[in-house]
Amino acid sequence: MDPEVVTNGTAVTEFILLGLVETEKLQSLVFVLFLFAYLLTVGGNLSILAAIFMEPKLHTPMYFFLGNLSVLDAGCITVTVPAMLCRLLSHKSTISYGACLSQLFFFYLLMGVDCFLLTAMAYDRFLAICQPLTYSALMSHSVQWILVAVSWACALTNALIHTLALTTLNFCGPNEVNHFYCDLPQLFPLSCSSNQLNELLLFAVGFIMAGIPLTLIVTSYVHVAAAVLRIRSVEGRKKAFFTCGSHLTVVCLFYGTGIFNYMRLGTEEASDKDKGVGIFNTVINPMLNPAIYSLRNPDVQGALWQVFTGITGKRSLT
């Protein structure tokens with residue numbers, strides 16, 4: 001325990017993040033794996049973004065939202081993983097109270113935008129398949145930017161609510177967080193004041209943040225499925241299901257881990273399961289998204305090939 005927080009009633013000025021493993025050999029392995037995952041995730045998402053910019057075929061609403069999603073994925077992993085890598089290098093597991101609040105705020109901000117952006121992508125697929133004749137008018141450039149702006153505004157409100165609510169709690173020890181980044185379910189048990197209202201707020205706001213978008217996504221895809229089943233051409237059905245399959249996979253991964261982590265009432269002891277969910281939220285999901293969207297998409301693959309060959313060509317000329 002840090003000397004600054006051992007005495008009861010003294011405000012905690014820093015937290016100790018216990019991380020993923022304890023032994024030094026395993027910490028070295030974790031550092032290498034997470035560094036590789038970070039570089040792969042940021043590189044993959046920025047490559048998708050570059051491909052969308054370079055390829056005119058990809059200048060459509062679906063890829064506009066996908067480009068925004070790539071930025072969010074790169075940002076989400078950047079909020080948590082580099083700080084963890086620095087702690088592993090320096091063998092210092094502490095994080096200041098202010099840095100913990102900042103990490104929490106940006107994490108909830110980016111995850112919240114992700115949540116609403118996936119809903120906008122489902123709405124885009126609904127319009128494209130169910131209302132193709134009016135699609136261009138209903139999903140104009142201004143509508144796309146409005147949907148992104150509303151996503152950021154809602155996510156910003158959510159992040160501010162949780163961050164400000166956390167500042168009302170008193171932390172006077174212990175200060176050991178059983179996680180590798182600051183998150184509400186792991187911080188609540190450390191409070192020496194009542195956190196029932198905060199837990200209720202997390203559940204209620206989480207229910208709204210997940211419930212409303214998820215309901216809209218399910219409703220959109222119910223209509224999409226009904227429209228696809230009316231298509232007589234087998235090839236047409238396959239193409240329609242394929243364009244939606246990638247998005248549905250990302251939705252299932254994102255909401256599955258999110259609901260498990262946040263939609264629960266009552267203080268529970270932080271466990272390795274929470275760390276596993278945290279790895280999914282911050283590392284695996286952002287790393288998988290570029291692969292999911294580009295694996296069987298010839299347009300994205302062609303644009304990515306242009307990006308990589310263009311970079312290689314410039315280097316050879318240099």
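Since the structure is predicted, the reported quantities are computational estimates derived from the model, not experimental observations.
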Exercise. Is the shortest heavy-atom distance from the side chain of Y255 to the side chain of P213 under 4.5 Å?
Worked result: yes
Exercise. With ring centroids as reference points, do Y221 and F126 lie under 6.0 angstrom apart?
Worked result: no
For this session: Kindly compute the distance separating CD1 (I95) from CZ (F15), expressed to the nearest 0.5 Å.
Result: 9.0 Å
For this session: Could you check if a side-chain atom of F31 sits within less than 4.5 angstrom of a side-chain atom of L89, using non-hydrogen atoms only?
Result: yes
Exercise. In terms of hydrophobic clustering (I, L, V, M, F, W, Y; side-chain heavy atoms under 4.5 Å; direct or indirect links), are V150 and W152 co-clustered?
Worked result: no
Exercise. Out of curiosity, C86 SG to L88 CG, how far, rounded to the nearest 0.5 Å?
Worked result: 9.0 Å
Exercise. So how far is it from H162 NE2 to T167 OG1, rounded to the nearest 0.5 Å?
Worked result: 13.0 Å
Problem set entry | N45 (side chain) donor-acceptor with D73 (main chain) under 3.5 angstrom | no
For this session: Check Q144 against P61 and note the closest heavy-atom contact, atom names and distance.
Result: NE2-CG, 3.3 Å
Seminar exercise, completed: For C100, the disulfide bond (SG atoms under 2.5 Å apart) test, sequence neighbours excluded, returns C182
Problem set entry | Given L40, V42, T41, the one that forms side chain to side chain contact (heavy atoms under 4.5 Å, CB included) with Y38 | V42
For this session: Identify the heavy atoms of S151 and L147 that sit nearest to each other, and give their distance.
Result: OG-O, 2.8 Å
Problem set entry | Side-chain hydrophobic cluster, 4.5 Å single linkage: members besides V205 | F116, I161, L201, M209
Exercise. Side chain of T157, backbone of A153: donor and acceptor closer than 3.5 Å?
Worked result: yes
Exercise. For the hydrophobic clusters of this structure (ILVMFWY residues joined by side-chain heavy atoms under 4.5 Å, transitively), does one cluster hold both L104 and L190?
Worked result: yes
Exercise. Does the side chain to side chain contact (heavy atoms under 4.5 Å, CB included) test come out yes or no for Y108 and N158, once each step is laid out?
Worked result: CA-CA 7 Å; Y108 276 72; N158 173 64; 4.1 Å; yes
For this session: For the pair S191 (side chain) and N170 (backbone), establish whether a donor and an acceptor sit closer than 3.5 Å, ignoring hydrogens and angles.
Result: yes
Exercise. Can you hop from Y181 to L166 via hydrophobic side chains spaced under 4.5 Å?
Worked result: yes
Exercise. Can you name the nearest heavy-atom pair linking Q103 to T80, along with the distance?
Worked result: NE2-CA, 3.8 Å
Exercise. Is there side-chain contact between F65 and M139, with at least one heavy-atom pair below 4.5 Å?
Worked result: yes
Problem set entry | No-hydrogen, no-angle side-chain donor-acceptor test under 3.5 Å, Y97 and N175 | no
Exercise. Under 3.5 Å, side chain of H247 to main-chain N/O of L118, donor-acceptor pair present?
Worked result: yes
Problem set entry | Joint hydrophobic cluster, L164 plus L156, side-chain heavy atoms closer than 4.5 Å | no
Exercise. Counting only N and O atoms by type, is there a donor-acceptor contact under 3.5 Å from the side chain of E176 to the main-chain atoms of L17?
Worked result: no
For this session: For residues P189 and P185, report the shortest heavy-atom separation together with the two atoms involved.
Result: CD-O, 3.2 Å
Exercise. Under a single-linkage rule joining Ile, Leu, Val, Met, Phe, Trp and Tyr whose side-chain heavy atoms are separated by less than 4.5 Å, which residues share a cluster with L229?
Worked result: none
Problem set entry | Backbone of L66 reached by a side-chain donor or acceptor of S70 within 3.5 Å | yes
Problem set entry | Whether over 12 other heavy atoms sit under 6.0 Å from Q196 CD | no
Exercise. So do F180 and V30 actually touch side chain to side chain, heavy atoms under 4.5 Å?
Worked result: no
Exercise. Between T134 and A137, is there a donor-acceptor pair closer than 3.5 Å when you use the side chain of the first and the backbone of the second?
Worked result: no
Exercise. Under 4.5 Å between any side-chain heavy atoms of L138 and Q131, yes or no?
Worked result: yes
Problem set entry | Minimum side-chain heavy-atom gap C76-M111 below 4.5 Å | yes
Exercise. In Å, rounded to the nearest 0.5 Å, how long is the span from CG of N178 to CD1 of I16?
Worked result: 12.5 Å
For this session: Please confirm whether the backbone N or O of A165 pairs with a side-chain atom of T168, one donor and one acceptor, at under 3.5 Å?
Result: yes
Exercise. Counting only heavy atoms not in F254, do more than 12 sit closer than 6.0 Å to its CZ atom?
Worked result: yes
Problem set entry | Shared hydrophobic cluster for F107 and L160 (ILVMFWY, side-chain gaps under 4.5 Å) | yes
Exercise. Can you tell me if H59 uses its side chain to pair, donor with acceptor, with the backbone of F53 under 3.5 Å?
Worked result: yes
For this session: For H91 and R87, indicate whether the former's side chain and the latter's backbone hold a donor-acceptor pair under 3.5 Å.
Result: no
Seminar exercise, completed: Between the CD1 atom in I77 and the CE atom in M287, the distance rounded to the nearest 0.5 Å is 7.5 Å
Exercise. Would a 4.5 Å heavy-atom cut-off, applied to side chains only, mark I292 and L253 as touching?
Worked result: yes
Problem set entry | Over all atoms of both residues, closest heavy-atom pair of Y63 and I52 | O-CD1, 3.3 Å
Exercise. Taking the side chain as C-beta and beyond, is there a heavy-atom pair between F207 and I212 under 4.5 Å?
Worked result: no
For this session: Run the numbers on V228 and I129 for side chain to side chain contact (heavy atoms under 4.5 Å, CB included), then give the verdict.
Result: CA-CA 8 Å; V228 169; I129 294 173; 4.1 Å; yes
For this session: First locate atom CZ of R125, then atom CG of L248, and finally report the distance between them rounded to the nearest 0.5 Å.
Result: 11.5 Å
Exercise. Closest approach of A227 and C130, non-hydrogen atoms and distance?
Worked result: CB-SG, 3.9 Å
Exercise. More than 12 non-hydrogen atoms from neighbouring residues, nucleotides or ligands closer than 6.0 Å to CZ on F106, yes or no?
Worked result: no
Exercise. Hey, would you say the H141 and F64 ring centroids sit under 6.0 Å apart?
Worked result: no
